[in-house]
Protein chains: 4
Amino acid sequence: MPRGRTRDQDARQRVLDAAFDLVGSEEYRKVTINDIAASANVAKQTIYRWWPSRTAVVLDALVVGSMKATPFGESGDTRADFRAHLRGVIRVFNSPTGALIRELIAESQSDAAIAEEFRRRFWRPRRELSLAHLHRGIDVGHVRPDIEPEMVLDAIYGPLWLRLTIGHLPLRLKDADDILDAIWPGVAAQR
Amino acid sequence: MPRGRTRDQDARQRVLDAAFDLVGSEEYRKVTINDIAASANVAKQTIYRWWPSRTAVVLDALVVGSMKATPFGESGDTRADFRAHLRGVIRVFNSPTGALIRELIAESQSDAAIAEEFRRRFWRPRRELSLAHLHRGIDVGHVRPDIEPEMVLDAIYGPLWLRLTIGHLPLRLKDADDILDAIWPGVAAQR
Amino acid sequence: MPRGRTRDQDARQRVLDAAFDLVGSEEYRKVTINDIAASANVAKQTIYRWWPSRTAVVLDALVVGSMKATPFGESGDTRADFRAHLRGVIRVFNSPTGALIRELIAESQSDAAIAEEFRRRFWRPRRELSLAHLHRGIDVGHVRPDIEPEMVLDAIYGPLWLRLTIGHLPLRLKDADDILDAIWPGVAAQR
Amino acid sequence: MPRGRTRDQDARQRVLDAAFDLVGSEEYRKVTINDIAASANVAKQTIYRWWPSRTAVVLDALVVGSMKATPFGESGDTRADFRAHLRGVIRVFNSPTGALIRELIAESQSDAAIAEEFRRRFWRPRRELSLAHLHRGIDVGHVRPDIEPEMVLDAIYGPLWLRLTIGHLPLRLKDADDILDAIWPGVAAQR
DNA sequence: TACTAAGCGAGACGGTACGTCAAGTCTTTAA
DNA sequence: TTAAAGACTTGACGTACCGTCTCGCTTAGTA
């Protein structure tokens with residue numbers, strides 16, 4: 001048994017909640033560590049004891065808060081599964097969580113360590129699911145076996161990320177259909 | 001004619017060059033206004049006199065330095081033209097210019113004004129060209145007329161931007177072909 | 001005769017007036033060279049062409065504007081003459097001119113060249129007059145011949161300068177009498 | 001007891017020492033906040049946390065460093081006590097401390113708040129002592145009861161301050177005697 | 001009647017120092 | 001030992017003036 005005061009799990013959660021709320025709020029401009037600490041009623045040092053940097057907190061808030069988001073369905077129709085998944089991702093991108101993701105992408109551009117951490121903890125797990133589902137589509141004969149799977153996924157999800165980061169066009173649920181209309185003919189197996 | 005000493009065009013160019021070189025260099029972490037000023041042999045105030053922020057300088061450096069980049073060819077083959085253009089964009093993304101674009105995307109995430117400026121001065125002009133070429137493809141019967149053009153463009157270029165900002169996979173010239181292999185079947189007009 | 005456009009005497013006067021007005025009126029504020037130039041409708045360069053520094057302008061404004069101030073009377077009564085002179089100095093110290101003098105004393109504390117210039121052009125000429133009058137008082141038998149004249153003058157005028165620079169007590173016309181009441185017994189020749 | 005890290009008294013002392021040394025040194029022209037911070041091995045922010053301005057630091061350095069300077073003796077001879085005190089003040093004015101005082105007088109000319117602070121913390125306490133001693137002189141019959149005490153003090157100490165700020169004449173220990181020779185006849189009680 | 005040499009208002013230039021802000025570390029007392 | 005509080009170092013920020021340097025224009029001799 002460790003001696004001394006034990007870690008306050010409640011404080012940890014308050015930090016994550018505060019980070020999520022502050023970064024995810026509409027009118028945020030720049031959320032500082034002090035803001036998070038004050039909002040969580042926690043000492044700055046407590047944050048630094050458990051996270052190496054402000055961005056790490058945001059990443060944790062993102063990962064913890066999105067853990068069960070956008071699962072893949074198993075309807076037996078691969079295209080329909082992707083459609084449902086795309087709609088889930090669009091919902092997430094339009095929610096406060098979208099702001100956290102944007103924040104992390106921003107930080108990733110100037111910090112390779114953050115970029116890698118973001119990919120490792122957020123991107124890859126989700127990518128694996130999509131990739132697995134695409135392979136399953138090949139196995140069941142819905143998807144052409146000679147495609148380049150990574151590129152197909154980039155083409156399917158790329159428009160979402162593009163609109164999230166560039167903001168040149170809004171992101172609506174119906175866009176899921178437009179994407180698949182454009183992509184699926186080149187992906188679907190020939191009869 | 002304005003009175004007073006005229007703006008020093010050489011100093012302006014030195015600032016843009018310095019911004020381009022510093023931000024575009026491999027090992028940059030965070031390029032400060034002081035860095036740019038020192039590297040350009042210019043007073044900080046001179047930068048602030050003409051640009052509202054560091055990011056505005058970077059945007060200028062990007063726009064000025066990329067003005068004639070990646071034009072569209074007119075081979076008579078729409079898919080081939082897009083292929084050539086994609087390869088041009090890939091080259092740019094892998095050049096120092098790619099670092100400037102990443103920087104601007106990063107800043108755009110927390111500053112709506114910068115985001116709009118980036119879209120207005122960099123994104124839209126290029127987007128218009130792609131859009132025009134896609135419409136030309138429809139006119140000449142290479143592209144299906146019932147596609148959603150904006151979404152098709154997002155699907156074609158999305159993978160490039162995705163790999164630029166996320167960095168989950170490298171960006172090679174041959175990826176242009178993979179993208180079109182995945183996309184074009186759904187875009188090309190039926191015979 | 002020198003060729004070229006001759007110095008604009010009107011601009012010179014506008015600068016001096018502006019300096020006098022700004023330094024003399026603004027309650028405890030720092031008047032900049034730009035302020036003076038703007039207020040005089042003159043280019044900054046025009047000021048620097050003729051004066052080496054802001055303080056030199058203020059000194060000029062002071063000297064030019066005070067040239068005929070506080071002359072010594074010749075009533076035949078040395079004490080009465082000093083009384084009249086003290087009252088004149090008190091009036092000057094309480095006028096806008098007092099602010100210019102304070103300004104120059106301030107600058108003198110950190111710039112030996114300014115200090116010397118201030119003494120040479122403002123202080124010494126006035127000091128000579130007082131000294132001469134004190135010597136005249138000795139000659140006519142009103143003042144003890146064994147005093148230390150410089151110190152007597154410092155004791156007579158010191159309280160004025162002290163109250164001007166420290167501001168611990170106001171400076172009223174009647175203070176002239178109090179000073180002489182305190183000093184004169186040690187200065188006046190014995191009967 | 002307040003929580004949190006307590007103020008670093010050593011850092012505070014280093015700042016005051018550095019300010020004293022830098023401002024008091026012969027060849028100083030303009031001592032900046034950065035100079036003081038660097039010389040004290042302290043962050044600029046730490047200075048701004050505890051002092052509102054550079055001048056406030058200098059005032060603190062002056063007050064802390066001069067606290068026990070120039071006390072009044074109690075020889076039983078009022079004139080002799082003032083002589084000793086005057087000599088003490090002359091020594092201070094000729095020491096590095098004199099440079100700090102000049103600096104503060106300079107700043108006082110353009111900043112009413114500093115002027116008041118200087119009077120409150122440096123001038124008045126010392127003035128009170130002199131005033132009390134003068135009143136004691138009246139009580140014991142050494143000084144005429146009908147003098148204007150404030151003006152007498154201004155006449156006694158005025159020459160010192162005048163020479164400190166104007167610099168028209170040097171300040172020597174023997175000047176204490178000259179001052180009293182000039183003043184005392186008008187101050188001393190008649191036999 | 002030109003030509004030339006200043007001086008002029010205007011304002012951009014390279015600088016220095018400012019005072020503020022946030023990041024991340026260190027040092028207290030309290031639990 | 002951890003938590004909260006808050007002082008600390010560090011370093012970039014954007015601003016204010018400084019004193020200098022062009023601009024295009026005006027003014028006054030000289031040719």
Side-chain angles (χ1 to χ4, degrees), chain A residues 1-8 10-12 30-38 40-55, chain B residues 1-12 30-35 37-38 40-54, chain C residues 1-12 14 30-35 37-38 40-54, chain D residues 1-12 30-35 37 41-54:
Chain A
M1 194 63 179
R3 300 207 297 173
R5 185 168 174 175
T6 58
R7 175 170 183 187
D8 185 341
D10 185 51
R12 173 178 166 279
K30 194 69 183 162
V31 178
T32 73
I33 267 275
N34 279 330
D35 294 339
I36 295 174
N41 264 317
V42 143
K44 208 164 38 157
Q45 182 58 51
T46 300
I47 296 180
Y48 280 108
R49 207 187 322 273
W50 304 110
W51 292 275
S53 69
R54 190 188 71 92
T55 313
Chain B
M1 193 65 178
R3 299 214 281 182
R5 183 173 177 174
T6 53
R7 178 170 183 185
D8 185 339
Q9 291 301 329
D10 187 51
R12 173 179 163 278
K30 194 68 184 165
V31 178
T32 73
I33 275 268
N34 275 331
D35 294 338
N41 264 317
V42 140
K44 204 167 39 156
Q45 183 59 55
T46 297
I47 296 181
Y48 281 110
R49 209 189 320 274
W50 302 109
W51 293 276
S53 67
R54 192 187 66 92
Chain C
M1 195 67 178
R3 300 215 295 175
R5 184 171 176 175
T6 54
R7 177 171 184 183
D8 184 340
Q9 290 302 328
D10 186 52
R12 173 180 164 277
R14 287 203 311 275
K30 207 68 182 170
V31 178
T32 73
I33 265 273
N34 280 330
D35 293 339
N41 264 317
V42 140
K44 208 166 38 156
Q45 181 60 51
T46 299
I47 296 181
Y48 280 110
R49 206 188 324 272
W50 303 109
W51 292 275
S53 69
R54 189 187 68 94
Chain D
M1 195 66 178
R3 298 214 285 181
R5 182 172 179 175
T6 52
R7 178 169 183 186
D8 186 338
Q9 291 301 328
D10 186 51
R12 173 179 164 277
K30 193 68 184 166
V31 178
T32 73
I33 271 270
N34 278 331
D35 294 338
N41 263 318
V42 143
K44 202 168 44 157
Q45 183 61 57
T46 298
I47 296 181
Y48 280 109
R49 203 189 326 273
W50 301 110
W51 292 276
S53 69
R54 192 187 67 93

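Treat the numbers as computed from the prediction; the structure is a model and nothing was measured. Atoms considered below: every heavy atom in the structure, side chains included; atoms not considered: hydrogens, waters and symmetry mates.
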Quiz item: Of the nucleotides E:dC18, E:dC8, F:dC23, which has the atom closest to the B:T6 side chain?
Solution: F:dC23
Exercise. Name the residue closer to the 5' end of DNA chain F, choosing between C:V31 and A:A43 according to the nucleotide with the nearest heavy atom.
Key: A:A43
Quiz item: How close or far is atom P of E:dT16 from atom CZ of D:R54, stated in whole angstroms?
Solution: 18 Å
Exercise. From the options F:dC8, E:dA12, E:dA23, select the nucleotide whose nearest atom is closest to the side chain of A:I33.
Key: E:dA23
Quiz item: Can you name the closest pair of heavy atoms from C:A37 and C:A43 and give their distance?
Solution: CB-C, 4.4 Å
Quiz item: Would you say a side-chain N or O of B:T46 is under 4.0 Å from OP1 or OP2 of E:dG14?
Solution: yes
Self-check item: Distance under 6.0 Å and angle within 45° of ring axis: B:R7 vs B:W50
Solution: yes
Quiz item: Which is it for A:T46 and A:R49 under the side-chain contact (heavy atoms from CB on, under 4.5 Å) test, yes or no, and what are the steps along the way?
Solution: CA-CA 5 Å; A:T46 300; A:R49 207 187 322 273; 4.2 Å; yes
Quiz item: Rounded to the nearest Å, what distance is computed from the CG atom of residue A:N34 to the C1' atom of nucleotide F:dA5?
Solution: 12 Å
Quiz prompt | Residue-phosphate contact under 4.0 Å: B:R3 side-chain N/O, E:dA10 OP1/OP2 | solution = yes
Quiz item: Can a salt bridge be assigned to the pair C:R14 and C:D10 using a cut-off of 4.0 Å between side-chain N and carboxylate O?
Solution: yes
Quiz item: With a 4.0 Å cut-off on heavy atoms, is D:W50 in touch with a base, just the backbone sugar-phosphate, or nothing at all?
Solution: sugar-phosphate
Practice problem: With the side chain of C:D8 defined as its heavy atoms from C-beta on, choose the nearest nucleotide among E:dC18, E:dC8, F:dA7. | Solution: E:dC8
Quiz item: Taking CZ from A:R12 and C1' from F:dT2, how many angstroms apart are they, rounded to a whole number?
Solution: 16 Å
Exercise. Check the distance between E:dA22's P and A:I36's CD1 and give it to me in whole angstrom.
Key: 13 Å
Self-check item: Residue closer to the 5' end of DNA chain E, B:R7 versus A:S53 (nearest nucleotide)
Solution: B:R7
Quiz item: At under 4.0 Å, does any side-chain N or O of B:R5 touch on OP1 or OP2 of F:dT22?
Solution: yes
Exercise. Starting from P on F:dT2, measure out to CG on A:D10 and report it in whole angstrom.
Key: 17 Å
Quiz item: Hey, is the side chain of C:K44 pairing donor to acceptor with the base of F:dG19 inside 3.5 Å?
Solution: yes
Quiz prompt | Spacing between D:I47 atom CD1 and E:dT20 atom P, to the nearest angstrom | solution = 13 Å
Quiz item: Is the shortest side-chain N/O distance from A:R49 to OP1 or OP2 of F:dA3 below 4.0 Å?
Solution: yes
Quiz item: Heavy atoms under 4.0 Å, any strand shown: does D:N41 hit a base, just sugar-phosphate, or nothing?
Solution: sugar-phosphate
Quiz item: When you match C:T32 and A:A40 each to their closest nucleotide on DNA chain F, which lands nearer the 5' end?
Solution: A:A40
Self-check item: Interatomic distance, B:Y48 atom OH to B:S53 atom OG [nearest 0.5 angstrom]
Solution: 8.0 Å
Quiz prompt | Steps toward side-chain contact (heavy atoms from CB on, under 4.5 Å) verdict (C:V31, C:R54) | solution = CA-CA 9 Å; C:V31 178; C:R54 189 187 68 94; 4.3 Å; yes
Practice problem: Please state whether the base of E:dC13 and the side chain of B:Q45 form at least one donor-acceptor pair under 3.5 Å? | Solution: no
Self-check item: Separation of E:dA23 P from A:W51 CH2 (nearest whole Å)
Solution: 15 Å
